[in-house]
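Notes for the one structure printed next.
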Protein chains: 2
Amino acid sequence: MTTQRRERAPRQADVARLAGVSQSAVSRVIGGDPEAATRIPEDTRRRILEAVKELGYVPNLSARKLRNKTNRLLGVHTFEPVFPHARESFYFEFLLGIEERAEEIGYDLVLFTSTGAGDGRRRVYRDGTNRLNVADGTVLLGVATDKADLARLWQEGYPFIHIGRRDVPGADIPCVVPDYFGITGDIAGRLAALGHRHVAYLREDLELEPYEDRRRGYADAVGRLGLTDRSPGFRGEPGLDDAWLDELARGPETAVVSESERLAESLLRGLRARGRDVPADVSVVVLEGIGPEASPRWEHLDIPRKEIGRIAIDALVAIVDDPDARTESLDVPCSIVDGDTTASARS
Amino acid sequence: MTTQRRERAPRQADVARLAGVSQSAVSRVIGGDPEAATRIPEDTRRRILEAVKELGYVPNLSARKLRNKTNRLLGVHTFEPVFPHARESFYFEFLLGIEERAEEIGYDLVLFTSTGAGDGRRRVYRDGTNRLNVADGTVLLGVATDKADLARLWQEGYPFIHIGRRDVPGADIPCVVPDYFGITGDIAGRLAALGHRHVAYLREDLELEPYEDRRRGYADAVGRLGLTDRSPGFRGEPGLDDAWLDELARGPETAVVSESERLAESLLRGLRARGRDVPADVSVVVLEGIGPEASPRWEHLDIPRKEIGRIAIDALVAIVDDPDARTESLDVPCSIVDGDTTASARS
DNA sequence: GATGCTTGCTCATACGTATGTGCAGTGCGC
DNA sequence: GCGCACTGCACATACGTATGAGCAAGCATC
C-alpha cells in the first residue's frame, strides 16, 4: 500500500494487470460471487486481493449501479428542511427507525436535502433530473409533499415509499401510514364504553390526508356505536368559538375528541371559565402525539414512529427487489396513551 | 405524456427512435452542449424535446457520472450522528452555510448518514467501498473524525474538505478552519491594551487540534506582548483547583482566558467565594461560542460558522474542478463578542 | 485413446451517456 | 460546373463493472 496520493483511481483492469489475471477474474473475487468464487483457487484469489491492497482499489459505485441497477444505497427525502428545528422532533423518531432498520439489513443511507426551488420547499426534480436515482429507492417524508413530484416519480417507475398517506389521482402511491381510521374508532369505542353517549369533535383547519382518516374513523364509529354528535367539528367546521363552548357547557355532551393539543387546551380554558372541568364533567382525548411534559396528562393517540420508519424500509426494499410487486398502503396500528383526562360519563 | 407507470426507464436511444434521430443528437440537445446545439436546427430540437416529454425521459445519473466523472452532487458526511440532538445546535449553522452556498452555485446536496460500525461512529468505508463516491466531493464534519478514513480518502484522491483542522501524518488534509491562533492572539492583545500584564489561562482536558491552535495563539501573544502567565493551564495542566483559586485571588493576575464557559463559571464562583469579582478584580474572556442567554454576558470568541460552511463549499468545488490544485488549509477570521466580563486592569 | 466432466480462467458484451470524428448534402463563389 | 465551406446530423468509442458463454488443460472413465 503506497502512501502516495493518486493521480487516477485504479480500476479492476489495473488490479488485474498487477495480479496477472483478467479483469473479470478480479470482478469475481471482489464481488464475492459465491458460485464462481469457488472456481478461483485460493492462490489466485490471494494474489488478486494483494493487488487490490497494493493499489488501494476502491470500486466505482456509479459503474456498479449502471451495470447492476443497484447500489445498496437507500435515500431519505424530506419535502421540508430537516436542519431547521421546528418540525424536527416530529420526524426524529421516523429517522431513527429508518436508520436502524437500514443498517440491520446492510443498506447505506443518504439523505437528500437540497432545495431546488427558491421557496424553501424540497423538490425531487431539478431541471428535469431526478437526483434520487443515485439511490436504489427512497423513503419520502414531510407534510409539504409535492404531489406533482410524487406523481412523476410514480410514473417514472422509481422505487419509493411515502410515510403518511398521500393520494394522487391516477397513481397509487405506496405509503406506510399510521392507522388513524382504526384508532379513532377505538377511541370513540373507549368513550362509549365509559358510558358517553353524546360526544363532540374538535377539528383543525387543515385538509390533509391524515386528518381525513381520523375524521372518517371517528364518524364511522359514531354511527356504528349509535352515539350522538352535534358539534361543528363533526359537521366539518373547524375551530372552537364561544357560542359552541356555551352550548357545550349547557348541553348533554360528556366527551370531546380533539385533533390537537392546542385545541384541547383552549377547550379546557373555555370549560373552566364556564364552571366545568375535565374530566369531571367532560372527558377529552387528543389525537396527536404530545410530549410527556404536557399538563394535564392528556389521554392521547400515540404514533409508533420508529416502528413506522422500520416498516418503511422493509416495504421499500421489497419494492426495490421487485418493482412489479404492487404494494398496497401499509396500515400500522396506533395505540392510546392513558391520561388523566377521561372518566366515566356523569350519570 | 402517458400516465401509465413504466416498466423500464426510457433512455436517450428510445427518445432518439421516437424523434427519428440518433442517440447522440438527443444527448446534444438534452445536455445543452452550447457549441453543438447551435448546429441542431430548431425544428429537430423541438421534435426531440417533445419525444422527451412524451416518454417522460429522465437522465440516468450513474451513467452520467461514469462518463463525466461529475454529478453536480456534493456530499456532507458527519462522523457522528446528525439526527441525535446533542451536538446539533453546534453543527446547525455550518450546515446552513453549506446548503445555502451549494444552492447558489447550482450543486445538489446529499447527506451521508449510515453507521458502518456498531459503535455509532460514522465511517466512510463499508467493506472496502467508499459510499461518498456517488458525489463529486464531500464536506466532512464532526469532532469524532476517523483519521484512518481521512487518510484513506486522501490517499484515494477523493475530493473532500474537512471543517476544522485535522492533521494526518503523511497526508495534508484540506481543511477550512476557524483562525483560533489569530483570534486568541487578538484576545490577549485586547487584554494587554486594557492594561493587564499578569494573565492566566484555563485549559480543558482535551487534546484536539482546535485547542492546540488556541493555546499556541495565546502563548505566542503572551510572549510577543511581554505578558506574564504563571497559571497551571499555561503550563499545560487542565482544570481549576482550590489551590490555584487561592493563589489567583491573592496574586497579581487581573485577567483570565478560559477555554470553556463551564470553566469560566466555576472560576467566577471561586472568585466570588474569595471576595473577588468579575470584571472588577479579574477580567474574563471565554474561548467558545456561547448562547446569547448566558449570564453574565461573557466576552467571548465567535466562530463564523455559516460563513465557514459557505467557504467549505467553494473550496470543495475548487478541488473538484481541479484535483491537482494543492489546497492549503483555509483560515477564517473569528471575532470577539463584547460582553460584561472585561474591564481595565485595576491599577 | 476417445469421451466427458471439472477446473480455472478469458472473452465479449451490456448498462446509459457524452463527445470527437466523419460524412452526405446544400449553398455559394468563381 | 467545380471546389469549398458550412450545416446537420450519424458513427464509434470510452467511462468501470458484472456476468453468460466459451475454451484449454487436466483428470477420470470405459
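Chain letters run A, B, ... following the sequence lines, proteins first and then strands; every chain starts at 1. Only a predicted model underlies this, so the values are computations on that prediction, with no experimental measurement involved.
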- Calculate the interatomic distance between A:E42 atom CD and C:dC9 atom P; express it in whole Å. 12 Å
- Just how far, in rounded Å, is C1' of D:dG16 from CG of A:L55? 15 Å
- Message: For a quick test of reading the model: is some side-chain N or O of A:R11 closer than 4.0 Å to OP1 or OP2 of D:dG16?
- Response: yes
- Nearest of D:dC15, D:dA18, D:dG8 to any side-chain atom of B:P41? D:dG8
- Is a salt bridge present between A:R47 and A:E50, judged by a nitrogen-to-oxygen distance below 4.0 Å? no
- Do B:R28 side-chain and C:dG20 base share a donor-acceptor contact under 3.5 Å? yes
- Message: Nearest whole Å is fine: how far is D:dA18 P from A:L61 CG?
- Response: 10 Å
- Message: Closer than 3.5 angstrom, by distance alone: can the side chain of B:D314 be matched with the main-chain N or O of B:I311 as a donor-acceptor pair?
- Response: no
- Item | Sidechain-backbone polar pair: B:R166 side chain, B:D146 backbone, donor-acceptor under 3.5 Å | no
- Task: Specify the residues of residues 15-23 of chain A, ordered by number, for which at least one heavy atom lies under 4.0 angstrom from an atom of DNA chain D.
- Result: A:Q23
- Message: Base, sugar-phosphate or nothing for A:K65? Non-hydrogen atoms, less than 4.0 Å.
- Response: nothing
- Side-chain donor/acceptor of B:Y158 to backbone N/O of B:L132, under 3.5 Å: yes
- Message: Heavy-atom nearest nucleotide on DNA chain D for B:A63 versus A:A25: which residue maps closer to 5'?
- Response: B:A63
- Taking B:R310 for its side chain and B:G97 for its backbone only, find out whether a donor-acceptor pair lies under 3.5 Å. no
- Item | Side chain of B:T44 (C-beta onward), nearest among D:dC9, D:dT17, C:dT17 | D:dC9
- B:S24 side chain, from C-beta outward: closest of C:dG16, C:dT19, C:dT13: C:dT19
- Any sub-3.5 Å donor-acceptor pair from A:K65's side-chain atoms to A:R72's backbone N or O? no
- Which angle, rounded to 10°, do you find between the first-five-pair axis and the last-five-pair axis of the helix from C:dG1-D:dC30 to C:dC30-D:dG1? 60°
- Query: Nearest to the side chain of A:N68, which nucleotide is it out of D:dG16, D:dT19, D:dG8?
  - Reply: D:dT19
- Message: Distance check, rounded to the nearest 0.5 Å: B:L73 atom CG versus A:F112 atom CZ?
- Response: 7.0 Å
- Message: Any side-chain to backbone donor/acceptor pair from B:N133 onto A:P59? Under 3.5 Å, distance only.
- Response: yes
- Task: To the nearest Å, give me how far apart NZ (B:K69) and C1' (C:dT19) are.
- Result: 14 Å
- Note on the structure: To the nearest angstrom, the CG-C1' distance between B:N60 and C:dC15 comes to 8 Å
- May I ask you to decide if B:D167's main-chain N or O and B:E209's side chain share a donor-acceptor pair within less than 3.5 Å? yes
- Message: From CZ of B:R45 over to C1' of D:dC9, roughly how many Å is that when rounded to an integer?
- Response: 14 Å
- Task: Please state how far atom CD in A:Q12 lies from atom P in D:dC15, giving the value in whole angstrom units.
- Result: 14 Å
- Message: By the definition side chain to side chain contact (heavy atoms under 4.5 Å, CB included), identify the one residue from A:N130, A:T138, A:T129 that meets it with A:V124.
- Response: A:N130
- Message: Is the phosphate of C:dA18 approached by B:R64 (side-chain N or O, under 4.0 Å from OP1 or OP2)?
- Response: yes
